[in-house]
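A quick write-up on the structure given underneath.
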Amino acid sequence: MDRSDKQQQQLSLPKNSRQQRNNEWIFRDVPSDITIQVNGGAFSLHKFPLVSRSGRIRKLVAEHRDSDISRVELLNLPGGAESFELAAKFCYGINFEITSGNVAQLCCASDYLEMTEEFSKDNLGSRAEEYLECIVCKNLEMCVEVLLQCESLLPLADELKIVSRCIDAIASKACVEQIASSFSRLEYSSSGRLHMNRQAKCDGDWWIEDLSVLRVDLYQRVITAMKCRGVRPESIGASLVNYAQKELTKKSSLWNPSGQTKVDVIPVSTGHEKLVVETIVSLLPVEKLVVPITFLFGLLRSAVMLDCTIACRLDLERRIGSQLDIATLDDLLIPSFKHAGDTLFDVDTVHRILVNFSQQDDSEEDMEDGSVFESDSPHSPSQTALFKVSKLLDNYLAEIAPDANLKLAKFLVIADALPEHARTVHDGLYRAIDIYLKAHQGLSDTDKKKLCKMIDFQKLSQEAGAHAAQNERLPLQSIVQVLYFEQIRLRNSLGCSGEDEPKPMHQSWRISSGALSAAMSPRDNYASLRRENRELKLELARLRMRLNDLEREHVCMKRDMEKSNSRKFMSSFSKKIGKLSFFGHSSSRASTSPSRQSYRTDSKVIERTCASTD
């Protein structure tokens with residue numbers, strides 16, 4: 001009993017203290033004639049000052065005029081007892097300060113109590129609206145503070161457009177600050193031209209830290225408004241990174257890709273983190289490189305772990321695939337959050353990322369016009385990206401190869417995700433396959449042949465070829481191929497070093513063209529063929545000119561033969577031949593062979609030209 005009495009006494013203390021504070025500003029010489037109950041709190045007041053300002057209380061009193069109402073309960077009053085206390089002070093003419101911390105409550109309370117100009121001039125509603133428009137909307141920090149107060153006042157604060165006005169003010173202020181910061185970074189160069197100083201610190205993004213305190217739904221509306229206002233994508237991205245790091249600090253392991261371990265049980269999510277991840281993904285700018293790719297991989301890990309929507313995960317995979325060439329091996333090592341018995345890492349997600357990268361590369365090639373193919377550069381940006389991703393993929397394959405649960409089909413699908421011309425050297429792929437063979441010694445000969453079929457042994461370096469020739473884990477057919485190509489390589493090296501043993505032209509052309517096609521993408525091969533086509537067309541034009549000259553000489557000789565006798569014709573014929581200098585000044589026997597050889601060469605060139613032109 002003593003314990004219950006103490007609890008009742010402790011619970012009654014706040015009510016007594018509130019009643020005591022109310023008595024400080026309520027008239028002491030006039031007894032109260034009405035009691036207002038708000039969220040469990042009771043206010044002993046007077047009808048006259050309340051009905052003179054509040055339309056709602058006036059209607060309640062008028063409805064019970066016959067019964068002389070003395071107690072009124074206000075249900076669901078925005079802001080609770082604290083807001084009503086400020087409204088009651090206003091009715092009594094007690095001065096108090098309107099601040100950014102209470103203006104939203106006063107606007108909502110005045111709307112609920114109907115404290116408008118209809119019932120009294122300069123009423124609480126107009127006073128709060130004036131402060132909101134003239135003071136709060138001019139200051140970004142105040143707008144953020146008002147939005148924090150509106151979180152508990154929804155949906156009424158939204159209906160009164162308090163939220164929308166503050167959001168528009170924040171977006172407008174951030175845009176103005178960004179423009180002012182950009183102008184402050186302008187400077188004149190030594191040549192007198194105006195340019196932007198990239199090294200100067202940008203002070204227009206100070207609002208990023210202020211927005212991180214907002215609730216996720218209001219934060220989403222603010223960022224959307226900023227995008228519409230034209231705020232820089234880099235600033236939007238920096239704000240998203242800062243907000244995610246603050247909201248997902250409890251899942252700090254998701255943002256540290258190094259040192260990943262197997263997770264067998266998915267932790268229970270509160271739902272808030274899932275909403276944060278999906279919201280941030282929906283707000284990501286469409287531009288590339290505005291957020292670090294490590295951040296995108298962190299979001300992807302969170303989306304997989306929290307079981308976010310498929311659209312959310314596919315969007316992240318597409319964004320990562322478009323800039324996969326700047327990723328690292330640690331980024332790709334996404335742990336598998338499925339049941340036991342599955343692979344250590346999520347290879348399915350990585351495969352979809354690789355497919356997105358390949359499709360994005362193809363789509364970019366399709367979108368580009370034909371002028372790109374005229375470039376003489378052997379390494380276009382897309383080809384450089386392919387080289388980087390191929391090295392990254394080979395390292396990833398070597399990392400996942402020791403996993404005992406990794407099926408051969410999945411390994412082959414990952415290894416074959418890039419086009420053939422992406423790998424100029426197959427050392428990395430050979431190393432990954434060798435690790436897989438070592439970790440999975442129970443593979444059949446057929447499966448081993450499937451694996452080794454992916455390796456182009458002609459693209460192995462000398463060191464890798466020497467290792468493969470002695471690798472007992474490889475099938476016998478693969479070892480024979482390695483030895484064959486090593487023999488060709490040795491023969492070519494000896495042929496290049498020896499001057500007396502010329503290398504066959506057809507073999508030299510085949511090997512060099514193979515190396516060229518391996519180092520060049522279809523786009524670059526197309527440009528090379530275009531250049532060869534132009535050269536062959538020029539050669540064809542020169543041959544046609546020579547043919548026209550011969551035809552004219554033939555017509556002249558025919559005309560001379562008809563007009564003169566045989567002796568004169570022979571002398572004329574010898575003179576014409578001497579002018580042409582077709583056989584040179586050597587003897588007739590020695591000159592016959594070069595002429596036939598020249599004729600065969602010209603005919604071959606003409607045939608090659610015609611074939612290329614067709």
Side-chain angles (χ1 to χ4, degrees), residues 253-254 256-266 297 300-305 307 310 313-314 316-317 320-321 324 327-358 388-420 422-423 425-457 460 464 467-468 471-475 477-478:
S253 60
L254 297 174
N256 182 19
S258 60
Q260 300 285 347
T261 56
K262 175 69 176 180
V263 180
D264 294 329
V265 181
I266 300 179
F297 273 103
L300 183 57
R301 287 187 182 87
S302 302
V304 173
M305 181 177 180
D307 195 21
I310 297 178
R313 283 178 281 180
L314 292 180
L316 284 172
E317 292 169 3
I320 293 173
L324 187 59
T328 62
L329 178 60
D330 288 338
D331 294 331
L332 282 182
L333 296 178
I334 304 173
S336 179
F337 297 100
K338 299 180 181 179
H339 300 288
D342 197 9
T343 55
L344 182 65
F345 298 104
D346 192 349
V347 294
D348 295 330
T349 299
V350 174
H351 176 250
R352 289 193 297 269
I353 292 174
L354 290 168
V355 171
N356 278 294
F357 171 77
S358 300
K388 292 180 179 178
V389 174
S390 65
K391 293 181 180 179
L392 177 64
L393 176 58
D394 291 342
N395 292 331
Y396 178 76
L397 289 171
E399 193 70 26
I400 66 174
D403 189 356
N405 294 325
L406 181 61
K407 304 299 182 182
L408 176 63
K410 285 190 176 182
F411 185 88
L412 291 174
V413 167
I414 295 292
D416 198 32
L418 296 181
E420 293 182 1
R423 293 183 177 93
V425 180
H426 277 216
D427 288 8
L429 180 61
Y430 165 71
R431 171 174 168 266
I433 290 178
D434 185 43
I435 295 175
Y436 188 87
L437 290 173
K438 187 176 181 179
H440 302 77
Q441 297 183 3
L443 289 177
S444 62
D445 293 339
T446 305
D447 292 339
K448 290 182 179 180
K449 289 180 181 179
K450 287 181 181 178
L451 267 177
C452 297
K453 204 173 184 181
M454 303 193 64
I455 306 175
D456 188 350
F457 294 102
L460 291 181
H467 184 276
N471 192 347
E472 298 179 353
R473 289 183 288 271
L474 297 180
Q477 183 180 1
S478 300

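One is the number of the first residue; the rest follow in order along the sequence. No experiment lies behind these values; they were computed from the predicted model shown.
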Nearest heavy-atom pair of [X] and [Y]: which atoms, and what distance?
| X | Y | result |
| --- | --- | --- |
| Asp346 | Tyr396 | O-OH, 3.9 Å |
| Pro402 | Ala439 | CA-CB, 3.7 Å |
| Leu474 | Cys452 | CD2-SG, 3.6 Å |
| His467 | Asp434 | CE1-OD2, 3.9 Å |
| Phe457 | Ser478 | CZ-CB, 3.6 Å |
| Leu406 | Ile400 | CD2-O, 3.3 Å |

inquiry  = Applying side chain to side chain donor-acceptor pair (under 3.5 Å), can you list everything that pairs with Asp427, at least two apart in sequence or on another chain?
reply    = Ser461
key: Test side-chain contact (heavy atoms from CB on, under 4.5 Å) applied to Tyr430 and Asn471, step by step   = CA-CA 11 Å; Tyr430 165 71; Asn471 192 347; 3.0 Å; yes
Can a donor-acceptor pair be found, under 3.5 Å and without considering hydrogens, that links the side chain of [X] to the backbone of [Y]?
| X | Y | value |
| --- | --- | --- |
| Asn356 | Arg352 | yes |
| Thr343 | Ser336 | no |
| Tyr436 | Leu397 | no |
| His440 | Asp403 | yes |

Got [X] and [Y] here, is their nearest side-chain heavy-atom distance under 4.5 Å?
| X | Y | result |
| --- | --- | --- |
| Ile433 | Lys448 | no |
| Leu314 | Glu317 | yes |
| Leu324 | Leu332 | yes |
| Leu316 | Phe297 | no |
| Asp331 | Ile320 | no |
| Phe411 | Val347 | no |
| Ile455 | Leu460 | yes |
| Val389 | Leu354 | yes |

Quick one: [atom1] on [X] to [atom2] on [Y], what's the gap to the nearest 0.5 Å?
| X | Y | atom1 | atom2 | value |
| --- | --- | --- | --- | --- |
| Arg301 | Thr349 | CZ | OG1 | 10.5 Å |
| His351 | Leu393 | NE2 | CG | 10.0 Å |
| Asp416 | Lys453 | CG | NZ | 11.5 Å |
| Arg313 | Asp307 | CZ | CG | 5.5 Å |

ask   = What residues, two or more places apart in sequence or in another chain, satisfy salt bridge (Lys or Arg N to Asp or Glu O under 4.0 Å) together with Glu399?
value =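 Partners of Glu399 under the salt bridge (Lys or Arg N to Asp or Glu O under 4.0 Å) test: none.
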task = Please step through salt bridge (charged side-chain N to carboxylate O under 4.0 Å, His left out) for the pair Asp394 and Arg423, ending with a clear verdict.
result = CA-CA 10 Å; Asp394 291 342; Arg423 293 183 177 93; 3.0 Å; yes
message = Under the rule for side chain to side chain contact (heavy atoms under 4.5 Å, CB included), what residues qualify as partners of Ala398, not counting sequence neighbours?
response =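 If we apply the side chain to side chain contact (heavy atoms under 4.5 Å, CB included) test to Ala398, skipping adjacent residues, the hits are Arg431, Ala432, Ile435.
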request  = Please report the C-alpha distance between Asp456 and Glu420 in whole Å, then the side-chain angles of each, then the deciding distance to 0.1 Å, and finally whether the side-chain contact (heavy atoms from CB on, under 4.5 Å) criterion is met.
outcome  = CA-CA 10 Å; Asp456 188 350; Glu420 293 182 1; over 6 Å; no
